Amino acid sequence: MNTASTEVPARRAMCVACLRPRQTCICRWVTALPSQVEVLILQHPMEVGNAKGSARLLHLSLSNSRLEVGEQFDQAQLLAWLSRQRRSVLLYPETEDAALGLAAPQPFDPAWLDQPLRLVVLDGTWRKSRKMLYLNPPLQTLPRLPLRDTPPSHYLIRKAHLPDQLSTLEATVYALAQLENDINKFNPLIEAFDGFVAQQAGYVKQSV
């Protein structure tokens with residue numbers, strides 16, 4: 001006779017804000033900051049459940065931000081998010097990608113700094129973000145904003161494929177500082193990110 005319990009383990013209580021188990025909630029690191037530039041975060045589905053991901057913390061901290069999940073978005077919906085009420089720029093290197101058949105993007109014009117702007121951010125691995133760019137033609141037409149002279153990454157819990165690679169949160173913060181011409185405004189969010197990284201690193205040590 002099988003006496004093993006057939007009870008289904010109770011699901012862990014989840015935080016409704018950061019969408020993580022309450023035991024690993026990251027809301028303590030949310031740092032509310034306003035931004036003149038609107039931020040549209042397009043998150044790859046594989047990043048949603050990634051405990052090391054920083055996009056949710058970024059979104060919760062920036063009141064002028066929107067986070068949408070998907071790999072290939074409905075074109076009409078994407079165009080609505082990219083409404084012409086603001087000029088949209090894509091946070092992405094200014095490189096021509098012959099492998100994907102993408103032409104060289106329109107360069108960023110510094111004169112646009114006097115206009116209402118929207119920063120579009122792709123949250124995913126380098127490979128996934130390239131695929132998102134390929135699958136969503138409206139993104140290919142956007143001028144790109146390359147980051148310049150950024151400090152070393154604080155993202156010590158995730159392996160970078162290139163020395164200058166940053167987390168989504170770090171890259172977005174440095175881009176906003178560049179667009180708003182204020183290098184110190186978003187420092188509190190970088191400091192909060194350090195706490196988030198330390199929290200995640202602690203879980204890794206506990207599991208070893």
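Nothing here was measured: the structure is a model prediction, and the numbers come from that model. Computed from heavy atoms alone, side chains included, the values below leave out hydrogens, waters and symmetry copies. Along the sequence shown, residues are numbered consecutively beginning with 1.
Under the side chain to side chain contact (heavy atoms under 4.5 Å, CB included) test applied with Gln178, the options Ile183, Asp149, Leu145 reduce to a single match, Leu145. When the options Arg118, Gln85, Arg66 are evaluated for a side-chain hydrogen bond (donor to acceptor under 3.5 Å, both in side chains) with Glu38, the one that passes is Arg118.
Not a single side-chain hydrogen bond (donor to acceptor under 3.5 Å, both in side chains) links Gln75 to another residue, sequence neighbours left out. Looking at residues two or more places apart in sequence or on another chain, you find a side-chain contact (heavy atoms from CB on, under 4.5 Å) between Arg87 and Trp112, Gln115, Leu117. Contacts of Arg84 classified as side-chain contact (heavy atoms from CB on, under 4.5 Å), with partners at least two apart in sequence or in another chain: none. Contacts of Arg20 classified as salt bridge (Lys or Arg N to Asp or Glu O under 4.0 Å), with partners at least two apart in sequence or in another chain: none. Take Asn187 and apply the side-chain hydrogen bond (donor to acceptor under 3.5 Å, both in side chains) test, not counting sequence neighbours, and it matches Asn184.
By the rule that hydrophobic residues join a cluster once side-chain heavy atoms approach within less than 4.5 Å of another member, Leu79 and Leu122 end up as members of separate clusters.
Closest approach of Tyr174 to Leu147, counting heavy atoms only: C-CD2, 4.0 Å. For the residue pair Ala55 and Leu67, the shortest heavy atom distance occurs at O-CD1, 3.9 Å. Ser35 and Asn64 get closest at one heavy-atom pair: O-ND2, 3.2 Å. Nearest approach of Leu82 to Pro138, heavy atoms of both residues: CD1-CB, 4.2 Å.
If you take CG on Leu91 and CG on Leu119, they are separated by 5.0 Å, rounding to the nearest 0.5 Å. The distance from atom CG of Asp123 to atom OG of Ser54, rounded to the nearest 0.5 Å, is 6.5 Å. Atom CD in Gln23 sits 11.0 Å away from atom CE in Met14 (nearest 0.5 Å).
In this structure the side chain of Leu42 reaches within 4.5 angstrom of the side chain of Met132, judged on heavy atoms. Within the 4.5 Å cutoff, the side chain of Arg56 has heavy atoms near those of the Leu19 side chain. Using a 4.5 Å heavy-atom threshold, the side chains of Leu58 and Leu189 count as touching. Side-chain atoms of Cys15 and Cys27, non-hydrogen and from C-beta on, do get closer than 4.5 Å to each other. Under the 4.5 Å side-chain criterion, counting only non-hydrogen atoms from C-beta, Phe73 is not in contact with Leu135. By the 4.5 Å heavy-atom criterion applied to side chains, Lys131 and Glu71 are counted as neighbours. The shortest side-chain heavy-atom distance between Ser129 and Tyr134 does not fall under the 4.5 Å cut-off. Residues Thr125 and Glu47 form a side-chain contact, since some pair of their non-hydrogen atoms from C-beta on lies under 4.5 Å apart.
Side-chain atoms of Gln36 do not come within 3.5 Å of backbone N or O of Glu180 as any donor-acceptor pair. A donor-acceptor pair is defined here as one N or O able to donate and one able to accept, closer than 3.5 Å; no such pair exists between the side chain of Glu68 and the backbone of Trp81.
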TODO: Walk me through it: do Phe186 and Leu62 pass the test side-chain contact (heavy atoms from CB on, under 4.5 Å)?
DONE: CA-CA 10 Å; Phe186 300 96; Leu62 296 178; 4.3 Å; yes
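Atom CG of Asp74 is surrounded by more than 12 heavy atoms from other residues, nucleotides or ligands within 6.0 Å.
Residues in residues 34-65 take part in no ring pair (Phe, Tyr, Trp, His ring centres under 6.0 Å) pair, two or more places apart or across chains.
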